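A quick write-up on the structure given underneath.
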Amino acid sequence: MTAPDFVVYPAIDLRGGRVVRLQEGDPARQTVFNDDPAAQAQTWIDAGAAWLHVVNLDGAFAQANANERILSAIARSGVPVQFGGGMRDLADIERALNAGAARVVLGTIAATHPQIVGDAIARFGADAICVGLDSRDGVITISGWQQQTTITPAELGARLANMGARHALYTDVARDGLLTGANIDATIALGD
């Protein structure tokens, strides 16, 4: 039996034009890692990255930003880019794809307006869409992880899979940015 392919997606979280990391998604607990996102992308590529995961934190927090311009620069690096944060409608998705994203991550709209996911898959193809199943305490979080819903990641994932979603990204917000490792039990539960 051959093991399935395993792809590591190094993350570049953008806030204010810089590469940052937030602890548990809290904007007040930010560490800046690099002032040059394109240089950070090249560092990951030089280390062997086959994909990059770029997060527009400004967009996730509904703040004005120029991160699509940064996305364009990173996308020219030669590896596919998965891009998320702040996409609230089909026009936002199309702009990100036109800016160079190979795939977009839909989080808040996947939970609040799941039909947009189905519409995006129909318009752009299933490979261009990833659904974000970000959760805290077992329920989906939205709006830059600042609000909780009542739906579980497994429930939302199943609903979106029935709409044609093939790619999902799970984050346990309570562990994000703390270097405590993955929530293996919750991740396994998503596969059931």
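FYI, the numbering just counts along the sequence from 1. This structure is a prediction, so every number in the text was calculated from the model and none was measured.
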Side-chain heavy atoms under 4.5 angstrom apart, residues restricted to Ile, Leu, Val, Met, Phe, Trp, Tyr: same cluster for [X] and [Y]?
X	Y	value
V105	W51	no
L169	I74	no
L97	V79	yes

Taking [X] for its side chain and [Y] for its backbone only, find out whether a donor-acceptor pair lies under 3.5 Å.
X	Y	answer
D58	G16	yes
R15	P27	yes
D89	D92	yes
S77	A73	no
T149	I140	yes
Q148	R136	yes

Q | Set of residues satisfying side-chain contact (heavy atoms from CB on, under 4.5 Å) with respect to A161, sequence neighbours excluded | A |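 Expected list: none.
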
Just verifying a value: how many Å separate [X] [atom1] and [Y] [atom2], rounded to the nearest 0.5 Å?
X	Y	atom1	atom2	result
N34	R21	CG	CZ	15.0 Å
L106	H113	CG	NE2	13.0 Å
L160	C130	CG	SG	10.5 Å
F83	R95	CZ	CZ	10.5 Å
Q40	L14	CD	CG	10.5 Å
E68	N98	CD	CG	9.0 Å

Compare every heavy atom of [Y] with every heavy atom of [X], then report the nearest pair and how far apart it is.
X	Y	result
A96	L71	O-CD2, 3.5 Å
A102	P80	CB-CB, 3.8 Å
A168	L133	CB-CD1, 4.0 Å
L52	W44	CD2-CB, 3.6 Å
N56	G59	OD1-N, 2.9 Å
P37	D35	CD-O, 3.6 Å

Q | Passing candidate, side-chain contact (heavy atoms from CB on, under 4.5 Å) with I109, options L90, V131, I93, I142 | A |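 Among L90, V131, I93, I142, the one meeting side-chain contact (heavy atoms from CB on, under 4.5 Å) with I109 is I93.
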
Q. With a 4.5 Å limit on heavy-atom distance, are the side chains of L57 and Q30 in contact?
A.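 No. Closest side-chain heavy atoms not under 4.5 Å.
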
Atom pairs and distances, donor-acceptor, side-chain atoms in residues 116-127, under 3.5 Å, two or more places apart:
| unit_1 | atom_1 | unit_2 | atom_2 | d |
| --- | --- | --- | --- | --- |
| D119 | OD1 | Q115 | NE2 | 2.9 |
| R123 | NH2 | E94 | OE1 | 2.9 |
| D127 | OD1 | R166 | NH2 | 2.5 |
| D127 | OD1 | H167 | NE2 | 2.9 |
| D127 | OD2 | R166 | NH2 | 3.1 |

